[in-house]
Amino acid sequence: MEKIEHATVLTNGINMHVASVGDGPETVLFIHGFPELWYSWRHQMVSLAALGYRAVAPDLRGYGGTDAPPCVGSYTAFHMVGDLVGMLDALGIGQVFVVGHDWGALIAWYLCLFRPDRVKALVNTSVPWCPGRMWFPSDPERKPLESVRAMYGDDYYVCRFQKPGEMEEDLAKADTAKIFQLFLTSRNPGPLIVPKDLGFSGMTKLFQDRPVDLPSWLTDDDINYYAAEFSRTGFTGGLNYYRCLDLNWELSAPWAGARIEVPVKFVVGDLDLIYHIPGVKEYIHGGGFKQVAPNLEEVVVMEGVAHFLQQEKPEEVTAHIHDFIKKFSSP
């Protein structure tokens with residue numbers, strides 16, 4: 001990672017930490033998810049820089065070296081898109097190729113919806129654009145949290161994240177490194193249920209005294225990088241994204257029915273928990289996805305791959321990105 005440079009830029013009223021590598025004429029913007037950092041894109045950044053691109057990956061608002069405003073309402077999709085547009089302006093970058101994952105995928109969809117003039121093409125992973133404008137299951141008559149709670153109950157992780165301070169207290173009791181071992185190595189495609197009487201702290205204690213065999217794609221140094229950053233910052237910033245689900249739904253009402261018009265490629269692992277939410281497979285493969293993203297050109301399902309696909313299969317994901325964006329690159 002010695003080639004990657006780090007800077008701080010002022011954007012949308014906050015200081016944003018930005019990692020970058022390469023000096024090519026065209027830029028790829030990488031947007032991370034929860035609970036991650038710019039670091040999740042380390043492999044793709046170096047590889048695409050070697051292929052002649054400039055790779056840029058910020059720590060999103062509330063994460064890592066970027067400011068974390070105290071107000072929950074400061075974590076809407078509008079704030080995130082504003083942060084990214086301002087960051088690009090500060091770096092003197094016009095249009096970009098965009099790559100997103102998890103929450104970064106949701107933000108990437110919103111970037112394409114609000115500012116398609118800044119996006120040449122999109123490679124998104126894990127989370128498809130939802131006709132309900134934010135979350136599965138989608139029901140235009142119900143707010144996202146109501147729909148999620150009706151399907152999975154109060155112990156579903158999205159519901160458990162809602163009350164400010166509660167999940168932070170639980171996570172503070174746990175070994176942060178164990179939390180990241182738990183998150184990053186999970187291969188269970190079922191819904192993430194966090195019983196209130198157990199919590200993440202209880203989950204991590206279940207294997208506290210047992211060594212965790214990390215997969216070949218994940219090292220102790222990787223775990224320690226995440227653990228050190230989140231031990232310093234806490235998890236509140238990332239949790240606040242979930243706490244704005246209903247607010248995003250309300251504020252994005254003027255875009256109801258709007259379509260994603262930029263060229264899109266979508267990549268997901270067949271063990272991704274998002275892919276296994278009821279109705280998602282049918283939506284992706286049955287034509288619904290194509291209706292809301294008419295320039296969806298490719299859908300790739302990676303066999304035997306779980307949620308954190310860009311880390312699990314770095315070379316394959318890089319190839320999927322490059323194979324698509326090179327079609328829209330200048331000669």
Side-chain angles (χ1 to χ4, degrees), residues 1-9 16-60 63-66 84 87-88 90-93 95-105 107-108 111 119-126 180 183-185 214-230 265 267-269 300 302 305-330:
M1 300 302 108
E2 65 278 359
K3 298 178 182 178
I4 295 176
E5 298 179 350
H6 298 269
T8 299
V9 301
M16 174 170 270
H17 167 241
V18 182
S20 63
V21 61
D23 55 5
E26 297 184 296
T27 299
V28 184
L29 170 63
F30 293 94
I31 313 175
H32 70 79
F34 175 90
E36 300 178 85
L37 301 160
W38 74 269
Y39 188 80
S40 296
W41 296 110
R42 58 198 179 278
H43 303 298
Q44 288 75 31
M45 293 178 69
V46 171
S47 296
L48 284 168
L51 290 168
Y53 294 89
R54 180 182 183 183
V56 174
D59 285 337
L60 292 175
Y63 286 92
T66 295
L84 294 175
M87 179 203 71
L88 294 176
L91 296 175
I93 300 170
Q95 280 195 318
V96 291
F97 296 110
V98 179
V99 182
H101 172 254
D102 188 82
W103 262 102
I107 295 165
L111 175 61
V119 181
K120 290 185 176 181
L122 169 67
V123 180
N124 237 357
T125 68
S126 181
F180 280 96
F183 270 114
L184 296 176
T185 63
L214 297 179
S216 59
W217 52 269
L218 189 65
T219 69
D220 287 327
D221 285 344
D222 297 331
I223 293 292
N224 292 336
Y225 185 89
Y226 287 112
E229 284 294 283
F230 280 84
K265 179 176 183 175
V267 185
V268 65
V300 176
M302 299 180 69
V305 179
H307 183 64
F308 297 96
L309 71 177
Q310 79 272 48
Q311 300 188 73
E312 182 178 344
K313 295 291 183 180
E315 293 180 359
E316 291 181 35
V317 170
T318 296
H320 282 307
I321 295 168
H322 184 239
D323 287 347
F324 190 63
I325 66 173
K326 70 182 181 183
K327 297 191 296 184
F328 307 95
S329 299
S330 302

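Because the structure is predicted, anything quoted here is derived from the model rather than measured.
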**Request:** Go through Val305 and Glu316 one step at a time and tell me if the side-chain contact (heavy atoms from CB on, under 4.5 Å) criterion holds.
**Result:** CA-CA 11 Å; Val305 179; Glu316 291 181 35; 5.6 Å; no
Within-4.5 Å side-chain heavy-atom neighbours: [X] and [Y]:
X      : Y      : answer
Phe180 : Pro35  : yes
Leu214 : Thr219 : no
Pro58  : Leu29  : yes
Gln44  : Val123 : no
Val317 : Ile321 : yes
His101 : Leu309 : yes
Phe30  : Gln310 : no

**Message:** Which residues pass the side chain to side chain donor-acceptor pair (under 3.5 Å) test with His17, not counting sequence neighbours?
**Reply:**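 With sequence neighbours excluded, His17 shows a side chain to side chain donor-acceptor pair (under 3.5 Å) to His6, Asp59, given in chain and number order.
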Point-to-point distance, once rounded to the nearest 0.5 Å, from [atom1] of [X] to [atom2] of [Y]:
X      : Y      : atom1 : atom2 : result
Gln311 : Leu184 : CD    : CG    : 5.5 Å
Leu111 : Ile107 : CG    : CD1   : 9.5 Å
Lys120 : Phe97  : NZ    : CZ    : 5.0 Å
Arg54  : Ser20  : CZ    : OG    : 6.0 Å

Is it the case that the side chain of [X] and the backbone of [Y] share a donor-acceptor pair, with hydrogens and angles ignored and the cut-off at 3.5 Å?
X      : Y      : answer
Lys265 : His320 : yes
His32  : Leu60  : yes
Glu312 : Ala306 : yes

Check [X] against [Y] and note the closest heavy-atom contact, atom names and distance.
X      : Y      : value
Gly22  : Ala49  : CA-CB, 3.8 Å
Gly100 : Ala108 : CA-CB, 4.5 Å
Gly52  : Pro25  : O-CD, 3.8 Å
Tyr63  : Glu36  : CD2-O, 3.1 Å
Gly65  : Glu229 : N-OE1, 4.0 Å
Ala105 : Asn124 : O-ND2, 3.1 Å

**Request:** Check the pair Phe308 / Leu218 against side-chain contact (heavy atoms from CB on, under 4.5 Å), numbers first and verdict last.
**Result:** CA-CA 11 Å; Phe308 297 96; Leu218 189 65; over 6 Å; no
**Request:** Taking ring pair (Phe, Tyr, Trp, His ring centres under 6.0 Å) as the test, write out the residues that go with Phe34, two or more places apart.
**Result:**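 With neighbours one apart ignored, the set is Phe161, Tyr242.
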**Request:** In plain terms, say whether Asp222 and Arg42 are close enough for a salt bridge, that is, a side-chain N and a carboxylate O under 4.0 Å apart.
**Result:**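 A salt bridge links Asp222 with Arg42.
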**Asked** Are Tyr39 and Tyr226 close enough that their ring centers fall under 6.0 Å?
**Response**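 Yes; Tyr226 has its ring centre under 6.0 Å from that of Tyr39.
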**Prompt:** Counting only heavy atoms not in Asp323, do more than 12 fall under 6.0 Å of its CG?
**Reply:**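 More than 12 heavy atoms, drawn from other residues, nucleotides or ligands, come within 6.0 Å of this atom.
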**Request:** Decide if atom NZ of Lys313 counts as having more than 12 heavy atoms of other residues, nucleotides or ligands within a radius under 6.0 Å.
**Result:**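 Atom NZ in Lys313 is not crowded, with 12 or fewer foreign heavy atoms closer than 6.0 Å.
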**Asked** Taking it one step at a time, do His322 and Tyr53 satisfy side-chain contact (heavy atoms from CB on, under 4.5 Å)?
**Response** CA-CA 10 Å; His322 184 239; Tyr53 294 89; 3.6 Å; yes
**Message:** Which label fits Phe328 and Phe324: parallel for a plane angle under 30°, tilted from 30 to 60°, or perpendicular past 60°?
**Reply:**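 Rings of Phe328 and Phe324: perpendicular, over 60°.
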